[in-house]
Amino acid sequence: MTAMVKAEGVHKSFGPTQVLKGIDLEVAPREVFCLIGPSGSGKSTFLRCINHLEKVNAGRLYVDGDLVGYRQKGEKLYELKDSEVALKRRDIGMVFQRFNLFPHMTAIENVMEAPVQVRGEAKAVARARAERLLDRVGLSDKAGSYPTQLSGGQQQRVAIARALAMEPKLMLFDEPTSALDPELVGDVLDVMRGLAEDGMTMIVVTHEMGFAREVGDALVFMDDGVVVESGHPRDVLTDPQHERTKSFLSKVL
């Protein structure tokens with residue numbers, strides 16, 4: 001079976017600062033793959049490399065068997081044009097820490113926008129799907145509301161519906177609950193649980209250890225740009241093998 005995501009020796013630097021120092025990992029189809037670690041460990045950067053929002057400096061990244069951002073000819077790699085990258089990016093949904101909704105559009109317009117603009121979908125078709133997705137995230141009654149009229153948790157659920165509107169085969173979540181008030185976190189995690197039950201392949205950068213333990217199929221602890229430890233979430237969280245993992249978990253659990 002082809003891995004949904006495969007990283008081979010992925011390096012990324014910003015100027016002289018090495019952020020990723022040779023990441024190797026695989027995410028299977030339908031897997032919920034959780035990434036944990038301290039701030040600055042490279043988790044979010046790695047996520048952004050998967051859909052080529054950041055270009056890797058060395059190594060290779062594959063999504064569903066396709067090289068991300070490049071085409072290989074013989075031994076050489078050639079960077080894809082922006083239009084080709086955008087075409088592949090349509091298959092990857094991304095949910096950011098800060099919801100990034102269009103403030104001048106209602107919830108349903110936010111969810112409809114990409115299918116209409118990017119895929120040229122008829123508005124009636126896009127609207128029907130957007131209604132279904134808002135219902136799925138528990139916000140059918142907020143379809144006509146603007147982002148400023150919604151709580152942070154509601155905005156994040158709209159953002160998830162918007163990412164799902166393109167019918168992606170992979171969903172990336174970059175600390176989707178870290179900007180939320182604690183009482184709003186549960187609603188967002190419930191939506192993510194539902195996606196996991198439906199078999200969506202998900203990579204989740206998170207500080208929610210309970211979610212990782214209950215829903216995750218695999219967990220990686222990153223620090224200083226490398227994978228320190230990986231395994232089943234329950235094993236890593238209850239019986240970490242590395243001192244660095246133990247030290248980190250002692251502060252967050």
Side-chain angles (χ1 to χ4, degrees), residues 1-12 20-37 42-56 58-75 77-80 84-95 119 133 136 160 163-174 176 189 191-206 208 211-222 226-237 239 241:
M1 186 180 9
T2 303
M4 183 58 79
V5 176
K6 186 174 186 180
E8 296 177 343
V10 170
H11 287 74
K12 173 66 185 173
L20 300 176
K21 302 173 182 174
I23 302 292
D24 296 292
L25 55 80
E26 279 193 30
V27 181
R30 303 174 69 86
E31 192 167 53
V32 178
F33 192 96
C34 297
L35 284 170
I36 65 169
K43 309 180 302 294
S44 295
T45 299
F46 177 67
L47 217 57
R48 292 171 66 83
C49 288
I50 292 172
N51 62 2
H52 208 55
L53 288 173
E54 300 289 355
K55 298 174 185 177
V56 304
R60 304 200 174 186
L61 255 175
Y62 299 87
V63 172
D64 204 16
D66 290 333
L67 198 56
V68 173
Y70 298 90
R71 177 188 301 112
Q72 185 164 353
K73 217 171 178 185
E75 288 301 302
L77 291 183
Y78 298 90
E79 193 165 354
L80 298 178
E84 294 173 291
V85 171
L87 205 59
K88 290 184 181 285
R89 201 179 278 146
R90 296 187 338 187
D91 291 332
I92 304 172
M94 185 150 186
V95 177
R119 285 212 298 234
L133 288 169
R136 180 178 185 174
I160 293 172
L164 291 171
M166 290 296 282
E167 301 179 321
K169 55 189 173 188
L170 170 66
M171 285 283 281
L172 308 176
F173 291 88
D174 189 7
L189 293 181
V191 170
M192 292 169 66
R193 270 190 197 91
L195 288 177
E197 285 163 10
D198 290 347
M200 174 63 76
T201 311
M202 296 157 61
I203 303 180
V204 185
V205 172
T206 187
E208 300 291 338
F211 175 84
R213 186 188 288 112
E214 292 163 43
V215 184
D217 299 301
L219 183 142
V220 155
F221 170 64
M222 280 178 68
V226 298
V227 172
V228 176
E229 188 160 352
S230 61
H232 191 278
R234 285 195 184 92
D235 297 338
V236 176
L237 293 174
D239 187 24
Q241 300 302 301

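Nothing here was measured: the structure is a model prediction, and the numbers come from that model.
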Would you give the length of the straight line joining atom NE2 of His232 to atom CG of Leu237, rounded to the nearest 0.5 angstrom? 10.0 Å

Show your working on side chain to side chain contact (heavy atoms under 4.5 Å, CB included) between Phe46 and Leu61 and close with a plain yes or no. CA-CA 10 Å; Phe46 177 67; Leu61 255 175; 4.1 Å; yes

Given the rule in the side chain to side chain contact (heavy atoms under 4.5 Å, CB included) test, do Phe173 and Ile160 qualify, once you have shown the distances and angles that lead to the verdict? CA-CA 9 Å; Phe173 291 88; Ile160 293 172; 3.9 Å; yes

Of all heavy-atom pairs between Gly216 and Pro233, which one has the smallest distance, and what is that distance? O-CG, 3.5 Å

Just by distance, do the side chain of Glu229 and the backbone of Val236 share a donor-acceptor pair under 3.5 Å? no

Identify the heavy atoms of Ser230 and Val220 that sit nearest to each other, and give their distance. CB-CG2, 3.5 Å

Side chain to side chain contact (heavy atoms under 4.5 Å, CB included) assessment of Arg71 paired with Leu80: CA-CA 6 Å; Arg71 177 188 301 112; Leu80 298 178; 3.6 Å; yes

Rounded distance [0.5 Å steps], CE in Met222 versus CD1 in Ile23: 4.0 Å

So, taking the atom named CE in Met166 and the one named CG in Asp91, what distance separates them when rounded to the nearest 0.5 Å? 8.0 Å

Please name the pair of heavy atoms, one in His52 and one in Tyr70, separated by the smallest distance, quoted to 0.1 Å. CE1-CE1, 4.0 Å

Looking at Glu167 and Lys169, would you say the former's side chain and the latter's main chain have a donor-acceptor pair under 3.5 Å? no

Taking the side chain from Arg60 and the backbone from Glu8, do they hold a donor-acceptor pair closer than 3.5 Å? no

Please report the closest heavy-atom contact between Leu164 and Met200, naming both atoms and the distance. CD2-CE, 3.9 Å

Any side-chain heavy-atom pair from Asp24 and Val227 closer than 4.5 angstrom? no

If you count every heavy atom of other residues, nucleotides or ligands that lies below 6.0 Å from Arg119 atom CZ, does the total exceed 12? yes

Give me the atom names and distance for the closest heavy-atom approach of Leu195 to Arg136. CD2-NH2, 3.2 Å

Once you round to the nearest 0.5 Å, how far does OG1 of Thr45 lie from CD1 of Ile50? 11.5 Å

Please determine whether the number of non-hydrogen atoms from other residues, nucleotides or ligands lying under 6.0 Å from atom NZ of Lys6 exceeds 12. no

Inter-residue atom distance Arg30.CZ - Asp198.CG, 0.5 Å rounding: 8.5 Å

Passing candidate, side chain to side chain contact (heavy atoms under 4.5 Å, CB included) with Ile92, options Val5, Ile203, Leu170: Leu170

Does Val95 form a side chain to side chain contact (heavy atoms under 4.5 Å, CB included) with Met192? I'd like the steps, not just the answer. CA-CA 11 Å; Val95 177; Met192 292 169 66; over 6 Å; no

Side chains of Leu77 and Gln72: does their closest heavy-atom pair fall under 4.5 Å? yes

Between Arg193 (side chain) and Val215 (backbone), is there a donor-acceptor pair under 3.5 Å? no

Distance, nearest 0.5 Å, that separates CG of Leu53 from CG of Leu172: 9.0 Å

Would the distance check show the side chain of Lys43 and the main-chain N or O of Ile36 forming a donor-acceptor pair, the cut-off being under 3.5 Å? no

Has the side chain of Asp64 got a donor or acceptor atom that lies under 3.5 Å from a matching backbone atom of Met4? no

Grab the two heavy atoms, one from Met171 and one from Pro168, that are nearest each other, plus how far apart they are. SD-CG, 3.8 Å

